Amino acid sequence: MIRIEGEPTEMLQAQTCPITSFQGPYRFLSNMWPCRIEWEGIEYGSTEHAYQASKTTDMAERNRIAAICDPMDAKEEGRKLTVRSDWDELKRDVMTSVIRLKFADPELAGLLLATGDRKLIEGNDWGDRIWGECPLGVGTNWLGIILMEERLRLKEYRRLGTE
Ligand SMILES: Nc1c(N[C@@H]2O[C@H](COP(=O)(O)O)[C@@H](O)[C@H]2O)[nH]c(=O)[nH]c1=O
């Protein structure tokens with residue numbers, strides 16, 4: 001069972017204000033959250049691992065990233081890779097795919113759905129204005145958008161399943 005820090009799961013649902021930081025009870029929204037996913041034939045320990053490994057087409061390098069324990073270390077190693085030339089066009093689709101694999105886990109899907117209609121923003125202090133906003137209001141927040149799209153997809157999927 002997934003234990004989330006601080007706030008009981010049902011409390012996720014009770015609030016309506018935006019979630020502006022993927023920390024504490026919302027850490028499961030972060031790409032740093034440990035989860036087993038299989039992506040393009042390799043098993044990874046987080047979406048961060050899979051995303052970073054996808055920057056290269058070299059399968060030996062991808063396996064090396066997959067063998068790293070900590071998602072933060074995978075991010076650091078990923079940033080040293082020779083990045084494939086088409087990465088900029090691909091990266092958002094890669095993120096969308098790995099996020100979908102992550103939330104195929106029913107428990108994680110339940111947590112994401114429990115955030116209701118709250119706006120999801122990866123507010124951060126590490127300067128990421130692509131995947132999040134830094135400071136709040138500045139950035140494209142692609143990760144938050146992808147998570148909200150996935151939430152909508154799951155909601156629709158569950159609605160159709162219960163009709
Ligand atoms: N979540 C999170 C981070 N952010 C993650 O880093 C990734 C972007 O990597 P890149 O495309 O190489 O800039 C993306 O998954 C974003 O969510 N960074 C952190 O230092 N701490 C964190 O808790």
Side-chain angles (χ1 to χ4, degrees), residues 2-7 12 17-40 42-105 107-109 111-115 118-154:
I2 296 166
R3 282 176 56 87
I4 58 168
E5 222 183 284
E7 212 174 338
L12 291 174
C17 58
I19 293 170
T20 57
S21 167
F22 298 168
Q23 303 289 344
Y26 310 118
R27 193 61 182 156
F28 71 94
L29 295 168
S30 168
N31 284 326
M32 302 297 162
W33 185 263
C35 59
R36 304 301 315 173
I37 57 166
E38 195 192 316
W39 169 242
E40 297 190 337
I42 298 176
E43 205 179 312
Y44 296 98
S46 70
T47 44
E48 190 65 28
H49 282 80
Y51 167 79
Q52 293 293 341
S54 304
K55 289 181 177 179
T56 177
T57 52
D58 181 333
M59 295 312 268
E61 283 292 79
R62 286 190 180 192
N63 277 305
R64 191 175 62 75
I65 301 282
I68 296 169
C69 288
D70 190 318
M72 282 300 286
D73 294 338
K75 176 175 176 173
E76 213 171 292
E77 283 307 305
R79 289 186 145 187
K80 296 181 197 157
L81 293 168
T82 304
V83 176
R84 54 195 293 180
S85 58
D86 53 357
W87 181 239
D88 268 346
E89 295 111 76
L90 277 183
K91 63 185 181 185
R92 191 171 168 151
D93 286 346
V94 168
M95 191 67 91
T96 303
S97 300
V98 298
I99 294 283
R100 183 163 301 181
L101 292 172
K102 173 179 175 180
F103 288 98
D105 177 299
E107 240 182 314
L108 282 172
L111 287 174
L112 180 57
L113 284 166
T115 64
R118 296 174 72 180
K119 189 170 181 187
L120 307 177
I121 304 169
E122 193 187 37
N124 67 85
D125 59 6
W126 53 86
D128 189 341
R129 291 180 171 170
I130 296 175
W131 297 107
E133 293 182 4
C134 178
L136 283 181
V138 183
T140 50
N141 188 38
W142 279 358
L143 181 59
I145 292 169
I146 289 168
L147 287 166
M148 289 185 278
E149 286 168 353
E150 178 58 17
R151 184 175 64 189
L152 197 63
R153 204 189 63 83
L154 286 168

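Position 1 is the first residue of the sequence; numbering continues from there. Counting starts at 1 for both ligands and their atoms, following the listed order. Note that the structure is a prediction, hence the values are computed from the model and not measured.
Distances shorter than 4.0 angstrom occur between a heavy atom of Lys55 and an atom of ligand 1. The shell of residues lying under 4.0 angstrom from ligand 1, judged by heavy atoms, includes Ser30.
When only non-hydrogen protein atoms are considered, atom 2 (C) of ligand 1 lies nearest to Trp126 CZ2, 3.2 Å. The shortest contact between atom 18 (N) of ligand 1 and any protein heavy atom is with Lys75 NZ, 2.6 Å. For atom 10 (P) of ligand 1, the closest heavy atom belonging to the protein is Arg79 NH2, 3.6 Å. In terms of protein heavy-atom proximity, atom 11 (O) of ligand 1 is closest to Tyr51 OH, 2.7 Å. Annotation: atom 5 (C) of ligand 1 to nearest protein heavy atom, Glu48 OE1, 3.6 Å. The protein atom (non-hydrogen) at minimum distance from atom 8 (C) of ligand 1 is Trp131 CD1, 3.5 Å. Atom 17 (O) of ligand 1 has Glu122 OE1, 3.1 Å as its closest protein atom, hydrogens excluded (heavy atom only). At the shortest separation from atom 9 (O) of ligand 1 among protein heavy atoms lies Gln52 NE2, 3.3 Å.
Just one of Ile99, Leu152, Ile19, Thr115 meets the side chain to side chain contact (heavy atoms under 4.5 Å, CB included) condition when paired with Leu147; it is Ile99.
Remark: ligand 1 atoms within the under-4.0 Å shell around heavy atoms of Leu143 are 17 (O). Under a 4.0 Å criterion applied to the non-hydrogen atoms of Asn31, ligand 1 contributes the atoms 14 (C), 15 (O), 17 (O).
Looking at Lys102 and Glu150, no side-chain N of the basic residue comes within less than 4.0 Å of a carboxylate O on the acidic one, giving no salt bridge. The residues Lys80 and Glu77 are annotated as salt-bridged, a charged nitrogen and a carboxylate oxygen being separated by less than 4.0 angstrom.
Without hydrogens or angle criteria, Asp88 side chain to Lys91 main chain gives no donor-acceptor distance under 3.5 Å. In this structure, the side chain of Asp128 does not engage the main chain of Trp126 through any donor-acceptor pair within 3.5 Å. Thr140 places a side-chain N or O within donor-acceptor distance of the main-chain N or O of Ile130, the cut-off being under 3.5 Å.
Taking the six-membered ring for Trp and the full ring otherwise, Trp131 and Tyr51 have centroids separated by under 6.0 Å.
Residue-level proximity to ligand 1 for Glu76 is absent, since no heavy atom of it falls below 4.0 angstrom.
Residues satisfying the ring pair (Phe, Tyr, Trp, His ring centres under 6.0 Å) criterion with Phe103, sequence neighbours excluded, are absent altogether.
Annotation: the span from Ile65 atom CD1 to Glu76 atom CD amounts to 10.5 Å, rounded to 0.5 Å.
Looking at Arg27, Met72, Gln23, Met95 and measuring to atom 23 (O) of ligand 1, the nearest heavy atom belongs to Arg27.
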